[in-house]
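Worksheet for the structure shown next.
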Amino acid sequence: MMPPLRLRLPLLRGFVVAAMALAALGAGAARAADSIEKARVKAVFILNFIKFSGWPDGQDVTTQTLTLCVTGDYPLAGQLNALDGRNVQGRQLRLQPLNATGGEAACDVIFADRTDAATLDSLRLLTNQRATLTVSDQPGFLAHGGMIELKIVDGRIRFDVNLAAARAANLMLSSQLLQLADQVVQ
């Protein structure tokens with residue numbers, strides 16, 4: 001014999017609430033996993049940007065390291081850490097944190113995870129001192145003089161290139177890289 005309906009309704013409501021809570025937790029975990037995966041893919045893109053870029057003769061090409069400076073505390077959910085020590089163009093990639101003022105950093109590449117005024121001013125100073133490839137996933141980065149802007153289009157990672165900024169810094173970007181870009185600003 002089943003309990004009366006008035007006794008079953010609270011149990012049913014409790015079950016529905018618990019099921020909805022579990023579904024919300026699962027969706028949150030799926031979103032977190034998706035965002036980690038996107039960060040990992042962005043890190044791979046950055047590695048490939050470095051592989052398909054060329055620095056001017058005489059800019060520390062005799063050193064065994066290529067320095068990737070990063071702004072922020074935990075850019076791309078820490079996925080850039082996986083690039084540290086990788087061999088790129090016969091040189092070892094070294095990850096280096098970059099403070100807001102830039103300091104005396106000798107960066108070959110900068111990933112800017114934020115584009116506030118202080119960070120942008122620091123990037124301009126650093127890129128005026130040496131040929132430095134600048135990359136960000138912040139909207140509007142190219143308009144502020146950045147060279148490569150990562151973006152998400154229809155759930156996929158894409159990028160735009162500011163070729164004028166790269167040329168002004170005496171950097172050479174391969175034609176293969178430019179062909180893959182959604183937009184190339186001359």
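Please read these numbers as outputs of a predicted model, since none were measured by experiment.
For the pair Leu47/Arg86, a side-chain contact is recorded, criterion being any heavy-atom separation below 4.5 Å from C-beta on. With a 4.5 Å cut-off on side-chain heavy atoms, Phe159 and Leu180 count as touching. Contact of the Gln79 side chain with the Arg40 side chain is registered, since non-hydrogen atoms from C-beta on lie closer than 4.5 Å. Residues Met147 and Thr134 have side chains in contact (heavy-atom distance under 4.5 Å, counting atoms from C-beta outward). Between Thr67 and Val109 there is no side-chain heavy-atom pair separated by less than 4.5 Å. A heavy-atom distance below 4.5 Å is not found between the side chains of Asp84 and Leu93. In this structure the side chain of Val70 never reaches within 4.5 angstrom of the side chain of Asp113, judged on heavy atoms. Taking the side chain as every heavy atom from C-beta outward, Phe52 and Leu173 never approach each other to under 4.5 Å.
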**Report entry** Check against side-chain contact (heavy atoms from CB on, under 4.5 Å), His144 and Glu149
**Finding:** CA-CA 11 Å; His144 290 99; Glu149 181 179 319; over 6 Å; no
Report task. Tell me, with the steps shown, if Leu66 and Ile50 meet side-chain contact (heavy atoms from CB on, under 4.5 Å). Result -> CA-CA 9 Å; Leu66 192 71; Ile50 296 168; 3.2 Å; yes
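Put simply, Phe49 and Met172 are part of two different groups of oily side chains (I, L, V, M, F, W, Y) that touch within less than 4.5 Å, one to the next. Under the 4.5 Å side-chain heavy-atom criterion for ILVMFWY residues, no single connected hydrophobic cluster contains both Val185 and Leu178. Leu95 and Val44 fall into different hydrophobic clusters, where Ile, Leu, Val, Met, Phe, Trp and Tyr are joined by side-chain heavy atoms under 4.5 Å apart, directly or via other members.
Not one N or O on the side chain of Trp55 forms a donor-acceptor pair closer than 3.5 Å with the backbone of Leu171. Under a 3.5 Å cut-off, the side chain of Gln92 and the backbone N or O of Thr65 do not form any donor-acceptor pair.
Note that OG1 of Thr71 and CZ of Phe111 are 7.0 Å apart. Values are rounded to the nearest 0.5 Å. Note that CG of Leu80 and CD1 of Ile46 are 5.0 Å apart. Values are rounded to the nearest 0.5 Å. In this structure, CD in Gln89 is found 7.5 Å from OG in Ser53, a value given to the nearest 0.5 Å. In this structure, CG on Leu177 lies 5.0 Å from CD1 on Ile148, to the nearest 0.5 angstrom. Taken from SG in Cys107 to CD1 in Ile110, the straight-line distance is 4.5 Å, to the nearest 0.5 Å.
Shown here for Leu76 and Ala43, the closest heavy-atom pair between the two residues is CD1-N, 4.0 Å. Residues Gly145 and Ala165 share a closest heavy-atom pair of O-CB, 3.6 Å.
Not counting sequence neighbours, the partners of Asp137 by the side-chain hydrogen bond (donor to acceptor under 3.5 Å, both in side chains) test are Lys42.
With hydrogens and angles left out, the side-chain atoms of Gln96 and Arg94 include a donor and acceptor closer than 3.5 Å.
Applying the side-chain hydrogen bond (donor to acceptor under 3.5 Å, both in side chains) test to every pair with at least one member in residues 152-165, sequence neighbours left out, gives these pairs: Lys151-Asp160, Arg158-Asp182.
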